[in-house]
**Student:** 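Structure provided below as structure tokens; questions to follow.
These values consider heavy atoms only, across backbone and side chains, with no hydrogens, waters or symmetry-generated copies. What you see is a predicted model, and the numbers here were worked out from it, not measured in a lab. Index from 1, following the sequence.
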Amino acid sequence: MPPRAKPAPKKPTTPRKSKTKTRTKPAAGSVGLDATAVMTGTPPAEVTRLRAQIDDAGGTVIATYREPFGGHWVALAALPLDKIKPTPYQRELSKTHAERLAAVIPKVGRFLDPVIAVPDPDGTGFITPNGMHRLSALGALGARAVIALVMPEPEIAFRILALNTEKAHNLKDKALEVIRMTRAIAADPKKAGTSEADVAFELEQAQLVTLGICYEQNARFSGGAYNSVVARTEVFSAEPIQKSLVLRQAHAERLLELDQAVTAAVARLKAAGFTSGYLKPIVVARVNPLRFLKAGKDDARPDFDRTIDRMLEGARKFDPSKVKAQDVAIAAAVGGGGGED
């Protein structure tokens, strides 16, 4: 009987290629201008006009150059402090933050952090999307001028607000900033056809428009408790902003109605003997119909009005006797979503 042939060795399995597209990382040193090119080229007419605006405001152009990443023209200028102001749609000034800056600047004896500025559309000077606290601190110290990176395109102010890192935003700050930007766009006749979708980068998240209206009407609105729900039910509208604001207003009114019902449920919990700063998130979590609904990539977005209807019904029927002390302890341990502000 002939010997049995040995089985051929198995070829190693070729790993499957991932279907996920990976973004190609640019090679080091391959993007933008090199250091010797930023001062080359002839400034366009808009920069010439910008120079004139700076001169008319009593400022001084120190240099014009192309910023190295995108090659866009910028004027480095000294502007009179009274000719530059924050954009009108920013969050509120933090007095504590401004006072802290004012206390630190004299210790250094110099101020080396330029603000960003664009021409004020009303023609009276310049506005800054990221220097509100620095301007306040310098004003308190009696400063006469500030160094600014001035760009000729006013629309840059909206984009830079989305990247603003001068002071970290909380949800209320960001939502109020977004609704103010939205209202400013709606009020501009030149932007009559602009939709939320057109300025999605600047607005960042669709739910911020709705939450911003809620904060306008109630400064103590507990936006954090409802943020995840609204985020799953709102989407940027393709309608002109003047029209979409009507819908956002209606949604905000529904949210404020829900907040009243949730607050009443919290009062019933307190009457039952519960004391915690996390009672509102507990109520919201229990009446949230999306809480255990996993969103698939191709699933339809939950309907806002139906979701709020169900939450309203749940809040009005909320039974404190079904809440246990350990539920409150767990919520406190993991942290809530907005507290009871």
Side-chain angles (χ1 to χ4, degrees), residues 22-87 89-90 101 104-105 108-139 143-169 177 181 190 198-204:
T22 55
R23 183 177 296 179
T24 304
K25 185 178 180 180
S30 66
V31 175
L33 307 176
D34 63 38
T36 61
V38 297
M39 298 295 291
T40 61
T42 303
E46 59 187 8
V47 175
T48 303
R49 289 193 295 272
L50 183 64
R51 273 183 168 274
Q53 288 175 295
I54 292 171
D55 290 340
D56 290 345
T60 299
V61 177
I62 301 167
T64 56
Y65 66 96
R66 291 187 292 164
E67 55 83 23
F69 184 81
H72 302 284
W73 283 92
V74 180
L76 177 66
L79 296 176
L81 207 63
D82 61 358
K83 292 295 184 178
I84 180 170
K85 60 188 179 184
T87 51
Y89 27 80
Q90 288 186 52
L101 280 174
V104 170
I105 292 169
V108 180
R110 63 205 72 194
F111 187 71
L112 304 174
D113 190 6
V115 300
I116 294 169
V118 299
D120 191 335
D122 68 10
T124 59
F126 297 85
I127 56 174
T128 174
N130 78 332
M132 176 167 56
H133 293 89
R134 282 170 281 173
L135 292 183
S136 177
L138 289 171
R144 298 165 64 185
V146 66
I147 298 298
L149 301 175
V150 190
M151 283 155 283
E153 309 95 344
E155 64 271 15
I156 290 297
F158 287 101
R159 295 180 187 174
I160 287 174
L161 274 173
L163 304 174
N164 192 347
T165 56
E166 182 183 75
K167 175 179 174 284
H169 289 73
E177 194 171 87
M181 278 195 286
K190 296 177 182 177
D198 293 331
V199 288
F201 173 80
E202 290 84 348
L203 302 183
E204 295 191 45

**Student:** With distance as the sole test, does Q53 use its side chain to make a donor-acceptor pair with the main-chain N or O of D56 at under 3.5 Å?
**Tutor:** no
**Student:** Measuring from atom CD1 of I156 to atom CD of E202, what distance do you get when rounded to the nearest 0.5 angstrom?
**Tutor:** 9.0 Å
**Student:** Do V74 and V47 have side-chain heavy atoms sitting under 4.5 Å apart?
**Tutor:** no
**Student:** For P80 versus A57, what's the shortest heavy-atom pair and its separation?
**Tutor:** CG-O, 3.3 Å
**Student:** Before you tell me yes or no, could you show the steps for I54 and F126 under side-chain contact (heavy atoms from CB on, under 4.5 Å), namely the whole-Å CA-CA distance, both residues' side-chain angles and the distance that decides it to 0.1 Å?
**Tutor:** CA-CA 9 Å; I54 292 171; F126 297 85; 3.6 Å; yes
**Student:** Are any of the side-chain heavy atoms of V146 and I84 separated by less than 4.5 Å?
**Tutor:** yes
**Student:** So do L135 and P86 actually touch side chain to side chain, heavy atoms under 4.5 Å?
**Tutor:** yes
**Student:** On a heavy-atom basis, which atom in V38 and which in P68 lie closest, and how many Å separate them?
**Tutor:** CG1-CB, 4.0 Å
**Student:** Please lay out, stage by stage, how T48 and R51 fare under the test side-chain contact (heavy atoms from CB on, under 4.5 Å).
**Tutor:** CA-CA 5 Å; T48 303; R51 273 183 168 274; 5.6 Å; no
**Student:** Nearest heavy-atom pair of L149 and P114: which atoms, and what distance?
**Tutor:** CG-CB, 4.2 Å
**Student:** List the steps, then state whether side-chain contact (heavy atoms from CB on, under 4.5 Å) holds for I62 with I147.
**Tutor:** CA-CA 9 Å; I62 301 167; I147 298 298; 3.8 Å; yes
**Student:** Using modelled atom types and a 3.5 Å cut-off, is there a donor and acceptor pairing between side-chain atoms of D120 and backbone atoms of G123?
**Tutor:** no
**Student:** Just so I know, are the side chains of P152 and W73 near enough to count as touching, which here means a heavy-atom distance under 4.5 Å?
**Tutor:** no
**Student:** May I ask you to decide if I116's main-chain N or O and T128's side chain share a donor-acceptor pair within less than 3.5 Å?
**Tutor:** yes
**Student:** Could you check whether any side-chain heavy atom of M151 comes within less than 4.5 Å of a side-chain heavy atom of E67, counting everything from C-beta outward?
**Tutor:** no
**Student:** With a 4.5 Å cut-off on side-chain heavy atoms, are L101 and R134 touching?
**Tutor:** yes
**Student:** State, yes or no, whether a side-chain contact exists between L76 and T64 at a heavy-atom distance under 4.5 Å.
**Tutor:** no
**Student:** For residues L50 and A75, report the shortest heavy-atom separation together with the two atoms involved.
**Tutor:** CD2-CB, 4.0 Å
**Student:** Would you give the length of the straight line joining atom CD of E177 to atom CD of E204, rounded to the nearest 0.5 angstrom?
**Tutor:** 8.0 Å
**Student:** Between I105 and A137, what is the shortest heavy-atom contact and its length?
**Tutor:** CD1-CB, 4.2 Å
**Student:** Please report the interatomic distance NE2(H72) to CG(L33), rounded to the nearest 0.5 Å.
**Tutor:** 10.0 Å
**Student:** For T40 and R66, does a side-chain donor sit closer than 3.5 Å to a side-chain acceptor?
**Tutor:** yes
**Student:** Take V118 and V150 through the side-chain contact (heavy atoms from CB on, under 4.5 Å) test and state the conclusion after the steps.
**Tutor:** CA-CA 6 Å; V118 299; V150 190; 6.0 Å; no
**Student:** Please find the pair of heavy atoms, one from T124 and one from K85, that lie closest to each other, and give the distance.
**Tutor:** OG1-NZ, 4.2 Å
